[in-house]
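Data first, discussion second: the structure below is written as structure tokens.
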Amino acid sequence: MNVLVVSGSTARLPDPVYPLGAAMVGSAARRAGHEVSWFDALRHAHPTEALEQQCQRVQPQAVLLSVRNIDSSAFPSPILHYEEHAPMAQAVRRGCKAPIIAGGSGFSLLPDQLQELLGADCGVVGDGELVLPRLLDLLSRGEPLPRRVYAEPAPPPYLTADRDLFEATWYYETGGVANVQTKRGCPMGCVYCTYPLLEGQRMRLAEPGAVVDELEALSRAGIRHFFFVDAVFNQPEHHAMAVCEEIIRRDLSISFSAYFVPKLEDPRFPELLRRAGCDAVEFGTDSLSDKVLDAMAKGFTVDEALRAARAIAEQGLLQCHNLILGGPGETPATMDESIRRMDELHPKAVFLTLGLRVYPGTRLAKTQMTRLGLDQEPGACLNPVFYISEAVEDILVERATQVLATREGWVCPGLGKRYNPRYLERLRSRKARKGVLWTLFE
């Protein structure tokens, strides 16, 4: 069959992100014997027109439409990404008669609402690599597609994406890193997080040698800077250490970064990270108040977070912290406590989030449904709904604005502070460096 894979996202902040999930399902279709072409909305000035023209030219027999993000999750000014996908689906309908199969992480969070919005013939919730070939087989035999498929979690090793799909080299040159996955699943119980909903709480670990095989192949293609897109790279820590040890054993000349929980167990790990090429660590710290950490069920303490940050600093690695103000348990005192302790760490960057975007199925949604009016609104959460602690809701934006005014390297997407396309593109081009963008902050 002739299959067209569409990445509908046009998001460029903070950098363009290679559509790894779409590339993986496209690779699955290709390896099942189908002819696969691709369309990347980010690469076109007028994506709906270009997509319609490509459908007319290629006449695919199936179109796979990937919805990665619903919105930017940034209070008080979220960017609505889901709105750009409906015109894409309409362009497909105008250009060809192929059925649309929708999927992706954003779709999996709100399948009912998004399938109706897109008018998709079939929706895939969860890992699509194993499901998609079966759906294409149904089409090839002239059988109808199911309305919805809930995919079983794909076992490791995961399908390695064919990086010619969506031109990984363009994303590397433009965005500075290539994204690679070492595991799926997250055992942590953070009250707001969607990773356990999307990937499950049982971790599925790729074999370290297979991970480094992919790094090595990309390195031969000239890609030397990576970001591990696991929910948390250092959970479990022994697996992250095994990946590092394999990189060192093969003497790969690469650099990488990843998301980390600020809780280190083996004292050898920070040095191992440095030796393997890690030059920047992004901590999901969220708060430096034990009261708030407990309320968000983060699974670590302030002391553990501070020790982890200092151990990383001792190895000379740059660090960024994600800090949430206004979450459960937040008060003016806990906000000041977090800010003061963050200042003491002197991180290279801090990404400041105001409040918490509420997603259905999370513990936060279940406990706050009535207060936020989600129990009365059909299609709740398609448009962003935010939780903000009542103790700080009247002062949150003002306090954040004060904090940002006096701290370099602190970024707040919701307020646009040091977080707009022109500034970030100038920063990347002026520095002419690869790696994650926050390492270039001045």
Side-chain angles (χ1 to χ4, degrees), residues 73-78 188-193 259-264 281-313 319-359 362-372 384-419 438:
S73 304
F75 180 86
S77 303
M188 300 182 68
C190 306
V191 298
Y192 59 85
C193 189
Y259 301 118
F260 287 73
V261 61
K263 182 178 181 178
L264 303 180
V281 167
E282 188 162 337
F283 282 124
T285 307
D286 290 0
S287 177
L288 286 172
S289 162
D290 281 322
K291 176 184 176 182
V292 178
L293 291 176
D294 287 344
M296 289 196 290
K298 291 298 296 181
F300 57 85
T301 66
V302 168
D303 284 346
E304 288 172 323
L306 295 176
R307 283 199 300 271
R310 290 163 182 156
I312 290 298
Q319 58 185 279
C320 170
H321 292 260
N322 290 284
L323 181 63
I324 297 169
L325 298 182
E330 193 82 276
T331 65
T334 61
M335 281 202 301
D336 290 343
E337 183 181 10
S338 286
I339 294 163
R340 174 179 57 79
R341 286 172 167 163
M342 190 64 71
D343 284 339
E344 292 171 358
L345 292 176
H346 304 291
K348 178 69 174 177
V350 174
F351 276 85
L352 192 61
T353 298
L354 307 184
L356 290 168
R357 171 48 160 116
V358 181
Y359 289 99
T362 60
R363 291 170 58 188
L364 185 64
K366 293 173 182 177
T367 59
Q368 299 297 322
M369 188 170 292
T370 300
R371 177 195 162 191
L372 298 173
V385 175
F386 292 91
Y387 170 91
I388 298 173
S389 169
E390 292 179 290
V392 300
E393 59 184 352
D394 293 336
I395 65 170
L396 180 61
V397 172
E398 181 182 2
R399 182 71 178 105
T401 302
Q402 293 170 348
V403 168
L404 292 164
T406 56
R407 289 162 176 82
E408 296 296 328
W410 286 52
V411 175
C412 184
L415 295 177
K417 183 67 174 180
R418 301 185 188 91
Y419 200 84
W438 60 261

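Source: prediction; values computed, not measured. Only this structure's heavy atoms are used, side chains among them; waters, hydrogens and symmetry mates stay out.
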Contact summary for [X] and [Y], nearest pair of heavy atoms:
{"X": "Leu288", "Y": "Ala305", "result": "CD2-CB, 4.0 Å"}
{"X": "Leu415", "Y": "Ala400", "result": "CD1-CB, 4.1 Å"}
{"X": "Arg341", "Y": "Glu337", "result": "NH1-OE2, 2.7 Å"}
{"X": "Pro328", "Y": "Tyr387", "result": "N-CE2, 3.4 Å"}
{"X": "Ile388", "Y": "Gly355", "result": "CG1-CA, 4.0 Å"}
{"X": "Ala295", "Y": "Val191", "result": "O-CG1, 3.7 Å"}

Got a second to check how far [X]'s [atom1] is from [Y]'s [atom2], nearest 0.5 Å?
{"X": "Gln402", "Y": "Ile339", "atom1": "CD", "atom2": "CD1", "result": "9.0 Å"}
{"X": "Glu282", "Y": "His321", "atom1": "CD", "atom2": "NE2", "result": "10.0 Å"}
{"X": "Ser287", "Y": "Lys298", "atom1": "OG", "atom2": "NZ", "result": "10.0 Å"}
{"X": "Met188", "Y": "Lys263", "atom1": "CE", "atom2": "NZ", "result": "8.0 Å"}
{"X": "Leu404", "Y": "Arg399", "atom1": "CG", "atom2": "CZ", "result": "10.0 Å"}

Exercise. Can you list the steps and then say if Ile395 with Met335 is a side-chain contact (heavy atoms from CB on, under 4.5 Å)?
Worked result: CA-CA 11 Å; Ile395 65 170; Met335 281 202 301; 4.0 Å; yes
[Y] and [X], any side-chain heavy atoms less than 4.5 Å apart:
{"X": "Phe75", "Y": "Pro384", "value": "no"}
{"X": "Asn322", "Y": "Thr353", "value": "no"}
{"X": "Tyr192", "Y": "Asp286", "value": "yes"}
{"X": "Ile312", "Y": "Phe283", "value": "yes"}
{"X": "Arg310", "Y": "Arg307", "value": "no"}
{"X": "Met342", "Y": "Arg407", "value": "no"}
{"X": "Lys291", "Y": "Thr331", "value": "yes"}
{"X": "Thr301", "Y": "Leu293", "value": "no"}

Problem set entry | Residues which pass side-chain contact (heavy atoms from CB on, under 4.5 Å) with Asp394, listed by chain and number, not counting sequence neighbours |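 Asp394 satisfies side-chain contact (heavy atoms from CB on, under 4.5 Å) with no residue once adjacent residues are dropped.
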Donor-acceptor contact below 3.5 Å, side chain [X] vs main chain [Y]:
{"X": "Asp290", "Y": "Val302", "value": "yes"}
{"X": "Thr334", "Y": "Glu330", "value": "no"}
{"X": "Arg340", "Y": "Asp336", "value": "no"}

For this session: Let me see the working for Val261 and Phe300 under side-chain contact (heavy atoms from CB on, under 4.5 Å), right down to the final yes or no.
Result: CA-CA 8 Å; Val261 61; Phe300 57 85; 3.6 Å; yes
Problem set entry | Atom OH of Tyr259 with >12 non-hydrogen neighbours under 6.0 angstrom |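 Not more than 12 within 6.0 Å, no.
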For this session: Give the C-alpha distance, both sets of side-chain angles, the deciding distance and a yes or no for side-chain contact (heavy atoms from CB on, under 4.5 Å) between Leu356 and Met296.
Result: CA-CA 10 Å; Leu356 290 168; Met296 289 196 290; 4.2 Å; yes
Exercise. Should Arg357 and Phe386 be marked as a side-chain contact (heavy atoms from CB on, under 4.5 Å) after you check the CA-CA gap, both sets of side-chain angles, and the distance that decides it?
Worked result: CA-CA 5 Å; Arg357 171 48 160 116; Phe386 292 91; 3.9 Å; yes
Exercise. How about Ser338 and Ser289: does a side-chain donor come under 3.5 Å of a side-chain acceptor?
Worked result: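 No, because no side-chain N or O of Ser338 sits under 3.5 Å from a partner of the opposite role on Ser289.
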